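Input: a single structure, listed below in structure tokens.
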4 protein chains.
Amino acid sequence: MDREQRRTEILKAAEDVFARLGYHGAGIADIIDRAGVARGTFYLYFESKRHVFEQLLDKFFEIIRSQVRRIDVSRGPDAVLEQIRGNATRVIDAILLHRSLGKILLSEAVGLDEECDEKLLSFYARLLALIEGALRLGIDGGIVRPCDPRVVALCILGTMKEVLYHGIMKPNDLPRETLAEEILQYNLRGLLRPGGVSQTRDGGL
Amino acid sequence: MDREQRRTEILKAAEDVFARLGYHGAGIADIIDRAGVARGTFYLYFESKRHVFEQLLDKFFEIIRSQVRRIDVSRGPDAVLEQIRGNATRVIDAILLHRSLGKILLSEAVGLDEECDEKLLSFYARLLALIEGALRLGIDGGIVRPCDPRVVALCILGTMKEVLYHGIMKPNDLPRETLAEEILQYNLRGLLRPGGVSQTRDGGL
Amino acid sequence: MDREQRRTEILKAAEDVFARLGYHGAGIADIIDRAGVARGTFYLYFESKRHVFEQLLDKFFEIIRSQVRRIDVSRGPDAVLEQIRGNATRVIDAILLHRSLGKILLSEAVGLDEECDEKLLSFYARLLALIEGALRLGIDGGIVRPCDPRVVALCILGTMKEVLYHGIMKPNDLPRETLAEEILQYNLRGLLRPGGVSQTRDGGL
Amino acid sequence: MDREQRRTEILKAAEDVFARLGYHGAGIADIIDRAGVARGTFYLYFESKRHVFEQLLDKFFEIIRSQVRRIDVSRGPDAVLEQIRGNATRVIDAILLHRSLGKILLSEAVGLDEECDEKLLSFYARLLALIEGALRLGIDGGIVRPCDPRVVALCILGTMKEVLYHGIMKPNDLPRETLAEEILQYNLRGLLRPGGVSQTRDGGL
DNA sequence: GATGAATGAGCTTTCATTCAT
DNA sequence: AATGAATGAAAGCTCATTCAT
């Protein structure tokens, strides 16, 4: 119990430090200074610098995952949209609640270490697969316009990442609700004003 | 003249190495090995590792910037869209042409160093301002639906980054044309099939 | 009483561990794991890692010493030889019986620490003095051929150490009796077949 | 050329330091202090601490090996003995000439590292095989008395190691010639005065 | 007396940068 | 201008020892 508490303290310190200085910028010295423990103590709880970092990634993945509810398609298009909005809002809220973890994930894109890279890549791959699956359902159900679901899944992920990164880095710039709502509207409707321009693909663009 | 050539050689070597190994994974040794020059020579042309990296960022910024043409709004909505498509296509093509630089920019998101961070941030800030300005024009001109141009600018940037990163990392996965076209369609139209669901904000979402 | 028992348990554990891993290879963790006691408990019974090691050396010295009987020279050459053989056999048997201690003594020759070194050196010094004394007696009594007793004492010690080390490390390679008998014969007679070559120093060698 | 010289300097420094402090007692700091070079310079010439040590072992093995001449058995027993004496004398002289290396080899018996251990063991194994082979020849040729050549080879190695270790540690205690001559006489003749005691195995011992 | 979490000095190794040639 | 050997600060990690419980 006590052990778990100590571990959590160090993990929190590491989270802050990694968020502030990045993986490479952070040293064990920074982490233990912040946690107020000795060098050896750190290694009592974590095998290595890399290992703490992975623990943080795992923690973050778990947080995100736990916000996503399976979508029930049986209750009609509007209900589906509402569920999507719920998922999106919860994820956004969770990330903005865990700023440091969010910053770590969104900053340290890749290139730390083979194992970390793999973790990140597989996380995003699963996320993309999830989105892509939902898109295919939407297309089949006639809710989503015909498109390449793989590319569009990338687009959705991209909007989320970029907007959230901004939300994390400049917390007071834009209200959370605005971010969530605008992401949704943008993803659903795109830029164009309905009926504003010619909508046939060939003619219009 | 000869000096400039030597400098370019080293810069190219650094580009390849950074793209392959990342900023921290790359050592001066890798760069000079690839460039075929001595250690000291490297420092004759560049102040530091960080400095070469900055030069590469600058080079990339310049490439991107040179692809973007000012949009002439006087020729009607369809013409504007055509110009936007032109800009987007040129940027996409340019990035996919300069894979290494693109990978560097999109991978080493941030966190290397205060000065580098500032460079990246200011680059993206200017890009966002550009997009935001265009959006405001679009909204005023009735082409773009009413929205928060700052958030939507982030969304657009996000889609570009994510799709391009995928395009760079898995060059043969999806054809360049598909990427460009899908980004455009997505940005313009969003996900929904026109008329597919109720479009009033209150009722629909 | 109980305290003494605990102490002995830890000492035995240390003996096994040092024999298996060597002084530097062994950690306190290994010893306490084997002894089944806590870290702090170890330091309740021994001041330091070095200290346990010294205790083991002392224990071993005592075992060896207790095997050596004073030689009675009054009963003629053959009886003396018989007594020497008795001493040698008992020492050899004792060492092979305490493999771990033997391995420790013979492996960790020297160089651990000033105090340990001194202990080892003084042990060997006393052993050598013992042997040397016996040699002088033998020379005076006409049993041993004229020689430098100090160097020859080293030779005798050397044969013992080397053969016993082999006996410890490869227990099943050569039978104990063979080892003991061959050491004795070798020490007494050397290599040459009696009468096989010219034995005068000047002529022969 | 210059590079080789520098390397030799560091190697010599390492030799001194290892001889003085032992493998574990010695730190890179000691070596570079003695060599008068910077930390990085050390690693320019040697991969690791272990690596320098191995180099020293190799160097020593080579020195020893180069002192041993193949024995020509065709010229009679006395000539064979003379050749053996020559080998022994050269080896002894070489070791006493390279005190530091000798001390390293004879002190750091074993237990440093798997690879080093293997090196040492294989060195001694080859040495033993050499001696054993010579003994078998001697027995077949009737020069050497019947004995177990494996055990006796250990005895010979043991006398050499012990006497040389003494010679290294206390250089001025006994003259080199005495050491060499006494080892030889001891190995050849053993302790007993010829004809001094009954030589039949059963009766005498 | 027993515990085991905590300690921190110390280790080997790396690598961006310098500078004598 | 070009070289590459030399540098040394700083990193991550270990482990014998201590001490509050």
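Chain A is the first sequence line, chain B the second, and so forth, proteins listed ahead of strands; every chain is numbered from 1. Not measured: the values here are computed from a predicted model.
With contacts defined as side-chain heavy-atom distances shorter than 4.5 Å, the pair B:Ile95/B:Ile168 qualifies. Within the 4.5 Å cutoff, side-chain heavy atoms of A:Leu105 are placed close to those of A:Leu120. Residues A:Gln5 and A:Asp2 form a side-chain contact, since some pair of their non-hydrogen atoms from C-beta on lies under 4.5 Å apart. Contact of the D:Phe46 side chain with the D:Glu54 side chain is not registered, since no non-hydrogen atoms from C-beta on lie closer than 4.5 Å. Counting heavy atoms from C-beta on, the side chains of A:Arg6 and A:Val37 come closer than 4.5 Å. A heavy-atom distance below 4.5 Å is not found between the side chains of B:Tyr45 and B:His51.
Note on A:Gly27: only backbone sugar-phosphate atoms sit closer than 4.0 angstrom, heavy atoms only; bases stay farther off. Nucleic acid contact class of B:Phe46 (heavy atoms, under 4.0 Å, all strands): none. Within 4.0 Å (heavy atoms only), A:Ile28 reaches sugar-phosphate atoms of the nucleic acid but no base atom. Residue contacts for B:Phe42: at a heavy-atom cut-off of 4.0 Å it reaches no nucleic acid atom on any strand shown.
A:Glu118 contributes atom CD, which lies 15.5 Å from atom CZ of A:Phe123 (distance to the nearest 0.5 angstrom).
In the set E:dG1, E:dA2, E:dA16, the nucleotide with an atom closest to the side chain of C:Arg3 is E:dG1.
In terms of position on DNA chain F, the residue among C:Gly40 and A:Tyr43 whose nearest nucleotide sits closer to the 5' end is A:Tyr43. Map C:Tyr45 and D:Arg50 each onto its nearest nucleotide of DNA chain E; the residue landing nearer the 5' end is C:Tyr45. Annotation: of the two residues near DNA chain E, C:Arg39 and D:Ala29, the 5′-most nearest-nucleotide partner is C:Arg39.
Atoms CG (A:Asp2) and C1' (E:dT3) sit 14 Å apart, rounded to a whole Å. As rounded to whole Å, 8 Å separates atom P of E:dA16 from atom CD1 of B:Ile31.
By the neighbour-count criterion of 12 heavy atoms within 6.0 Å, atom CD of B:Glu62 is densely surrounded, having more than that number from other residues, nucleotides or ligands.
With a heavy-atom cut-off of 4.0 Å to chain A, the contacted part of DNA chain F has its first and last nucleotide at F:dG12 to F:dC15.
The side-chain tip of C:Lys119 does not point at the ring of C:Phe61 from less than 6.0 angstrom away and within 45° of straight on.
Using cut-offs of 30° and 60° on the angle between ring planes, the pair A:Tyr23 and A:Phe53 is perpendicular.
Put simply, B:Ser48 has no side-chain N or O that comes within less than 4.0 Å of OP1 or OP2 on E:dA16.
Taking a pair as Watson-Crick or G-U wobble with both distances under 3.5 Å, DNA chain E forms stems of 3 or more consecutive pairs at E:2-21 with F:2-21.
A salt bridge does not link B:Lys12 with B:Glu9: none of the charged nitrogens is closer than 4.0 Å to a carboxylate oxygen.
Annotation: proximity of residues 7-24 of chain B to DNA chain E (heavy atom, distance under 4.0 Å) is found for no residue.
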